[in-house]
Amino acid sequence: VSFAASTAATDAPLVPKALSPLVWDESITYIKGIAEGDTVDVSEYLVEFASEPEKEKKPCINRDNLKKRIAYEDDDILVLNKRKGELVHPDSKSGSFTTLDRIVKDYLASECEKAISFSPGPLHRLDRNTSGLIAFGKTASGAREFSTAIQKHETGKCYIALLDGTLKEKETWHDKLIRNEESNISRGMPLSSVHGDEAITIATPFLTSEGLTLAQIEIKTGRTHQIRCQASYHGHPLAGDTKYKGSTNRNGYYLHSCCIIAGKRTITAEPDGNFISDVATLMGCSENKVRTAIENIISTFVHNFRYL
């Protein structure tokens, strides 16, 4: 690695501090002893700098509590049962919130492969107010394998959703979605539209009551806000999802990632007790009835994906 020195207002070449540990003067912002036109070889310093371990950080996680939320872990991936309200990625509105991305990085810091080009991270998206399974890559090969499986549609992903209205039978929603990054909203369009990205979602009712439907949602594509947008576009928005014209309730919408099938891995996680009790209250039925429906949603999805 080399670069040609050039001059600035200081009449001395400006070079990143990290690449010049031997000649850096803390009192100035440039490297001494280099003239315009010189070629500087920084490969030795670059490798040394990139190989240096990060400074030890103060722990920001309770490892024992986090372990209880791990739904699956092997040498290549870790799958966490995310709580509603937790951020996966930092964003402009996250402020001081600690994201799951950071928490998992800290948790895996001592055991992940040391590679300049790889850092543990989430392998797919999950909205802040969606709970359930989120996968993180622990190795470059594991991340690559998972991503390839998604691209080849060899990965199954199933959600549990509480929908407005009575969904009478299984429906396949096949549309185009247009994303507005400024408003953070996706909009459904007919499949014939020349604009937008193709999105496929399969919705199957398992329990209906009080004008609501507890449904199994299988996604065949992975568009931002796909389930929320398509559910609304087809007249069954998520109950509580006012952003997509859903009914109003004090706890927002109910959407839980309950199953991921990737290769030989079958990973499942039921929603927590609050999800079940809230849904039972809204639907006017017993928690046991909701729990049974959830168990059937998961078992049916696994059976159909594996054997049909």
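In what follows, residues are counted from 1 in the order of the sequence shown. On a predicted model such as this, the values are computed, not experimentally measured, just so you know.
Note on R265 versus D74: salt bridge recorded, some NZ/NE/NH1/NH2 to OD/OE distance being below 4.0 Å. Salt bridge R102/D106: present, at least one basic N to carboxylate O contact under 4.0 Å. Between K170 and E218 there is no salt bridge, since none of the side-chain N atoms of the basic residue sits less than 4.0 Å from a carboxylate O of the acidic one.
In this structure, R83 CZ and L100 CG are separated by 9.0 Å, a value rounded to the nearest 0.5 Å. For the atom pair K67 NZ and Y107 OH, the distance stands at 5.0 Å (nearest 0.5 Å). Taking CG of L238 as the start and OH of Y159 as the end, the distance is 11.5 Å to the nearest 0.5 Å. A distance of 8.0 Å separates CG in D75 from OG1 in T139, rounded to the nearest 0.5 Å. We find the CD-CZ distance between E270 and F275 to be 11.0 Å, quoted to the nearest 0.5 Å. Of the inter-residue distances, the one linking L212 atom CG with L163 atom CG reads 8.5 Å to the nearest 0.5 angstrom.
The minimum heavy-atom distance linking T268 with A71 is given by the pair O-CB, 4.4 Å. The nearest pair of heavy atoms linking I178 to M189 is CD1-CG, 3.6 Å. In terms of heavy atoms, R125 sits closest to T224 at NH2-N, 3.3 Å.
The aromatic rings of F146 and H124 sit parallel to each other, their planes meeting at less than 30°, with 60° as the upper class boundary.
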Table please: side-chain donor-acceptor pairs of residues 277-284 below 3.5 Å, with sequence neighbours left out.
unit_1, atom_1, unit_2, atom_2, d
S277, OG, G273, O, 3.1
S277, OG, N274, O, 3.1
D278, OD2, N251, ND2, 3.3
D278, OD2, Y254, OH, 2.9
T281, OG1, S277, O, 3.0

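Using a distance-only test at 3.5 Å, with no hydrogens or angles considered, no donor-acceptor pair links the side chain of K220 to the main chain of A199. A distance-only check finds a donor-acceptor pair linking the side chain of T221 to the backbone of I200 [under 3.5 Å]. Within the 3.5 Å criterion, the main-chain N or O of E86 finds a donor-acceptor partner in the side chain of K82.
Within the structure, the salt bridge (Lys or Arg N to Asp or Glu O under 4.0 Å) test picks out the following pairs touching residues 222-242 (sequence neighbours left out): D127-R228, R228-D241. Residue pairs meeting the side chain to side chain donor-acceptor pair (under 3.5 Å) criterion with at least one partner in residues 194-212, sequence neighbours excluded, are H174-E198, T201-Q226, T201-Q230.
Inter-residue side-chain proximity for I267 and L133 is flagged as met; some heavy-atom pair is nearer than 4.5 Å. Between I77 and E73, every side-chain heavy-atom pair lies at or beyond the 4.5 Å cut-off.
In the model, H256 has no side-chain atom that pairs as donor or acceptor with a side-chain atom of D272 under 3.5 Å. S186 and R179 share a donor-acceptor pair across their side chains, judged by distance under 3.5 Å alone.
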